[in-house]
There are 2 protein chains.
Amino acid sequence: MVQPINHEALGDELVRVVKLLHAARAQAPLPAGLDHSAYPILFVLGRKPHRVSDLAEEIHSDVSTVSRQVAGLVRAGYVDRAPDPDDGRAHVLSLSPSGRQIIREARQRRETWLSGLLADWTPDEIATFTTLLGKFADTLQNPATSTKEPTQ
Amino acid sequence: MVQPINHEALGDELVRVVKLLHAARAQAPLPAGLDHSAYPILFVLGRKPHRVSDLAEEIHSDVSTVSRQVAGLVRAGYVDRAPDPDDGRAHVLSLSPSGRQIIREARQRRETWLSGLLADWTPDEIATFTTLLGKFADTLQNPATSTKEPTQ
DNA sequence: TTGATTGGTTGCACCATGCAAATATAGGGA
DNA sequence: TCCCTATATTTGCATGGTGCAACCAATCAA
């Protein structure tokens, strides 16, 4: 071991960023009939259709919770529910055209927001930050040798 | 304008990291008598004593909510409540010794966790990531020219 | 002293969540 | 083919956390 690296600063910054992003998100305007829990669902469905149980797994929520959330989105017309042709018990959920429109707009708003926010960052900084953030996400997703869990 | 930078990738990674951090935190063991809402309060009080209303502002929660959370922490012995010498209506909340101990341990766990997680990152990568994350937090905290809000 | 203001707590209703029971369908043996 | 068990989903119910509003207590200005 050479010398201990200062992970404390990194931890602090992570907490700070998460907190600030949370605050920023709370300010964001929401399309009619949607609450914040809807976005994860719509984004996941945007990648590909899912069954309720798969969706629940993906979102880390209980199936019953997702079932209710989805019911709302179906009622609002953002999600289509079709019986699974292969399994009469299951339903296949997919984005409706207006659901697709919603996430397109959301993505657009996010991009605009980031553009303004990062106006005086250099392209190089942005690229590096994106890369490292991705690497960090990869590390989180697939912890190689880790054993412990975080706090706050 | 030279060429549009790909903020979409950055947005995606941000969402991904937040989501993964959230999942990781959900796994973390909690000291007796604490729930996750306690940590922000303890950390804020760790910096300096606060009154209930200031705490509420800091946490972005309603005063009544904070009042109840604090009551629990006082009951559990992590927070001391003293009448404000300058204002008989107000209380001054501060960390008790065991409260201080809790956040010391939490910080320690977080550091250990990060050490394991980043075991095969180079010191340089870690340093750069920390710096850029800090810069991003600064930008979020003090948006220079921005107008819009994020999504998801 | 009184009235208006501010700090804090408590009553109440609301909403989201998870567990468990209920329903419906699959699918694998007797 | 007929059960019996397992799985997908929905719904009933209880719980917990939240914010608003009413309330109590103390301050401050007139």
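Everything numeric here is computed off the predicted structure, so don't read it as measured data. In what follows, chains carry the letters A, B, and so on, assigned in the order in which the sequence lines appear, proteins first and then strands, with residues in each chain numbered from 1.
In this structure, CG of A:D35 is placed 6 Å from P of C:dA16, rounded to the nearest angstrom. In this structure, the OH atom of B:Y39 is 16 Å from the P atom of D:dG17, given to the nearest Å. One can place CD1 of B:I59 at 11 Å from P of D:dT18, the figure rounded to the nearest angstrom. Separating the CD atom of B:Q69 from the C1' atom of C:dT9 is a distance of 14 Å, rounded to the nearest angstrom. Atom pair B:R68:CZ and D:dA21:P shows a separation of 14 Å (rounding to whole Å applied). Atoms CG (A:D54) and P (D:dA8) sit 8 Å apart, rounded to a whole Å. Rounded to a whole Å, the CD atom of B:E57 is 12 Å from the P atom of C:dG8. A straight line from CG of A:D62 to P of D:dG12 spans 16 Å, rounded to a whole angstrom.
In this structure, B:R51 and B:S64 both approach DNA chain C, and ranking their closest nucleotides by distance from the 5' end singles out B:R51.
Contact between the side-chain N/O atoms of A:T65 and the OP1/OP2 oxygens of C:dG18 is found at a separation under 4.0 Å. At least one side-chain nitrogen or oxygen of A:S53 sits closer than 4.0 Å to the OP1 or OP2 atom of D:dT9. For D:dT10, one of the phosphate oxygens OP1 or OP2 lies less than 4.0 angstrom from a side-chain nitrogen or oxygen of A:S67.
A:A9 meets the side-chain contact (heavy atoms from CB on, under 4.5 Å) test with A:N6, B:T130; sequence neighbours excluded.
A salt bridge does not link B:D54 to B:K48: none of the charged nitrogens lies less than 4.0 Å from a carboxylate oxygen. Salt bridge B:E58/B:R51: absent, no basic N to carboxylate O contact under 4.0 Å.
A distance-only check finds no donor-acceptor pair linking the side chain of B:S94 to the backbone of B:P49 [under 3.5 Å]. Under the 3.5 Å distance criterion, the side-chain polar atoms of B:T112 are matched with a main-chain donor or acceptor of B:Q108. In this structure, B:S115 contributes its side chain and B:E111 its backbone to a donor-acceptor pair below 3.5 Å.
The aromatic rings of B:W121 and A:F136 sit perpendicular to each other, their planes meeting at more than 60°, with 30° as the lower class boundary.
Near DNA chain D, meaning a heavy atom under 4.0 Å away, the residues from residues 70-96 of chain B are B:D87, B:G88, B:R89.
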